[in-house]
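First comes the structure, then the notes that go with it.
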Amino acid sequence: MSVEGHVTCGRCRNCRAGRRHLCIRTSSIGVNRDGAFADYVVVPARNVWPQSEEIDPDLGALFDPFGNAVHTALQFPLAGEDVLVTGAGPIGVMCAAIARHCGARNVVITDLSDYRLGLADAVGAVTVNTARQGLREVMASLGMTEGFDVGLELSGAPAATRQVIDVCNHGARIAMLGLPKGGYEIDWNQVITRMLTIQGVYGREMYDTWYKGSFMLGSSPELRDQVRGIITHRFAPEQWADAFEAARSGECGKVIINWED
């Protein structure tokens, strides 16, 4: 079992129109109500997602961030497209894996952390540490003569967003999941004159994202292995402080606390 973490009101205009992911009264588990470190977590039955036998507990534990990646990556068609992912955190790496699974021509991912770029390399993405390597140089080496067709912004970093806009082709589409610390400037002249589409993404599209994610994992052993590979650390419950320290370090993928032993 996995759980959809957004509890929606069912009464607002979006909920009644079947757009629950846009509910204006969303209550998020672990933010607005008790999270999974509470003794008991209560959610509506509709928020519980039964998993097939192919989805083992490790994959089930990752289904929430995997859902974020599915929701972001599938905003736009990917088959045959050149895709740029900015931010090689766990969700960014999963986005890269999904883009490759969906038949993208080139999948390039950027970050400043060699550790996290190593996780992206394992899913077959072209990795670029933008502190040391020029992105346009990499584009040329891939035979890209124009620009990226799709951008997936997962970092929340202003510089990354500006770079996505700079290297996207005219008419490109950009999905943004990364949350910045504050407002920042971008060159709106580029957005307007290049006719770019920028789509904000939050959470999952209830419940279509779950169906699509379950099908992709259930039908692709390779994708299942790639998603499992994002788990880099495991701890017992009594080691919770070490688990949080590992997560804060940035030198990790997903950190799992194992309650089964």
Side-chain angles (χ1 to χ4, degrees), residues 1-36 38 40-52 55 59-78 81 83 85-87 89-92 94-95 98-99 102 149-156 158 161 164-165 168 171-184 186 188 191-192 195-218:
M1 298 284 185
S2 297
V3 171
E4 168 56 55
H6 296 149
V7 180
T8 56
C9 74
R11 304 186 305 277
C12 70
R13 179 175 179 177
N14 280 322
C15 279
R16 290 191 174 194
R19 301 186 295 264
R20 289 184 174 272
H21 62 293
L22 299 175
C23 175
I24 62 173
R25 300 185 186 93
T26 297
S27 176
S28 297
I29 296 172
V31 179
N32 311 108
R33 56 204 291 145
D34 285 344
Y40 297 96
V41 178
V42 179
V43 297
R46 66 174 179 265
N47 280 54
V48 178
W49 188 261
Q51 299 286 10
S52 65
I55 311 300
L59 292 174
L62 296 178
F63 224 66
D64 181 288
F66 180 70
N68 293 146
V70 172
H71 191 193
T72 305
L74 298 189
Q75 287 294 312
F76 311 116
L78 298 173
E81 303 285 51
V83 179
V85 181
T86 50
I91 298 176
M94 285 190 276
C95 278
I98 292 166
C102 290
D149 306 296
V150 176
L152 307 176
E153 207 303 288
L154 284 301
S155 71
T161 302
V164 171
I165 291 171
C168 271
R173 290 166 287 188
I174 301 169
M176 299 184 66
L177 181 79
L179 287 172
K181 294 180 180 179
Y184 57 87
I186 65 172
W188 287 105
V191 175
I192 294 166
M195 295 173 284
L196 305 180
T197 297
I198 299 178
Q199 174 67 53
V201 183
Y202 184 70
R204 290 149 297 279
E205 188 171 353
M206 301 162 62
Y207 290 87
D208 195 45
T209 297
W210 294 102
Y211 282 106
K212 291 176 180 176
S214 294
F215 175 76
M216 285 192 290
L217 287 178

Applying the side chain to side chain contact (heavy atoms under 4.5 Å, CB included) test to Met176, which of Ile198, Leu152, Thr86, Val201 qualifies? Ile198

Straight-line distance of Met216 CE to Cys102 SG, nearest 0.5 Å: 5.5 Å

Which residues satisfy the ring pair (Phe, Tyr, Trp, His ring centres under 6.0 Å) test with Tyr211, sequence neighbours excluded? Trp49

What's the separation between atom CG in Asn32 and atom OG1 in Thr26, rounded to the nearest 0.5 Å? 8.5 Å

Less than 4.5 Å apart, side chain to side chain, heavy atoms only: is that true for Leu196 and Arg173? no

Quick check: closest heavy atoms across Arg11 and Cys15, and the distance to 0.1 Å? N-CB, 3.9 Å

Under the side chain to side chain donor-acceptor pair (under 3.5 Å) test, which residues partner Thr161, sequence neighbours left out? Tyr184

Residues forming a ring pair (Phe, Tyr, Trp, His ring centres under 6.0 Å) with Tyr202, sequence neighbours excluded: His6

Identify each donor-acceptor pair in which a side-chain atom of residues 60-69 lies under 3.5 Å from a protein atom, sequence neighbours left out, and give them as a table.
{"from": "Asp64", "atom 1": "OD1", "to": "Arg204", "atom 2": "NH1", "distance (Å)": "3.4"}
{"from": "Asp64", "atom 1": "OD2", "to": "Arg204", "atom 2": "NH2", "distance (Å)": "3.3"}
{"from": "Asn68", "atom 1": "ND2", "to": "Gly203", "atom 2": "O", "distance (Å)": "3.2"}

Report the residues that fulfil side-chain contact (heavy atoms from CB on, under 4.5 Å) with Ile24, sequence neighbours left out, ordered by chain and then residue number. Cys12

Consider side chain to side chain contact (heavy atoms under 4.5 Å, CB included). Of Asp149, Val150, Ile174, which one does Phe76 pass it with? Val150

Listed once per pair and sorted, the salt bridge (charged side-chain N to carboxylate O under 4.0 Å, His left out) pairs that draw on residues 17-27, sequence neighbours left out: none

CD-SG distance between Gln75 and Cys95, expressed to the nearest 0.5 angstrom: 10.0 Å

Under the side-chain contact (heavy atoms from CB on, under 4.5 Å) test, which residues partner Asp34, sequence neighbours left out? Ala38

Counterpart residues, salt bridge (Lys or Arg N to Asp or Glu O under 4.0 Å), relative to Glu205 (two or more places apart): none

Could you tell me which residues satisfy side-chain contact (heavy atoms from CB on, under 4.5 Å) with Met1, sequence neighbours excluded, listed by chain and number? Val48, Pro50

Whether the Ser155 and Glu153 side chains hold a donor-acceptor pair (N or O, under 3.5 Å, no angle test) is what I'd like checked. yes

Could you list the residues that satisfy side-chain contact (heavy atoms from CB on, under 4.5 Å) with Val41, not counting sequence neighbours? Ile29, Val43

Using side chain to side chain donor-acceptor pair (under 3.5 Å) as the criterion, list what pairs up with Gln51, not counting sequence neighbours. Ser2

For residues 206-217, which residue pairs qualify under salt bridge (charged side-chain N to carboxylate O under 4.0 Å, His left out), counting only residues two or more places apart or in two chains? Asp208-Lys212

Could you check whether atom CZ of Arg16 has more than 12 heavy atoms from other residues, nucleotides or ligands sitting under 6.0 Å from it? no

Which value, rounded to the nearest 0.5 Å, describes the distance between Leu154 atom CG and Ile91 atom CD1? 6.5 Å

Distance, nearest 0.5 Å, that separates CG of Asn47 from OG1 of Thr8: 6.5 Å

What are the two closest heavy atoms between Cys168 and Ala172, and how far apart are they? CB-CB, 3.6 Å

Counting C-beta onward and ignoring hydrogens, is there a side-chain heavy-atom pair between Ile55 and Ser214 closer than 4.5 Å? no

What is the distance from atom NE2 of His71 to atom CE of Met206, rounded to the nearest 0.5 Å? 11.0 Å

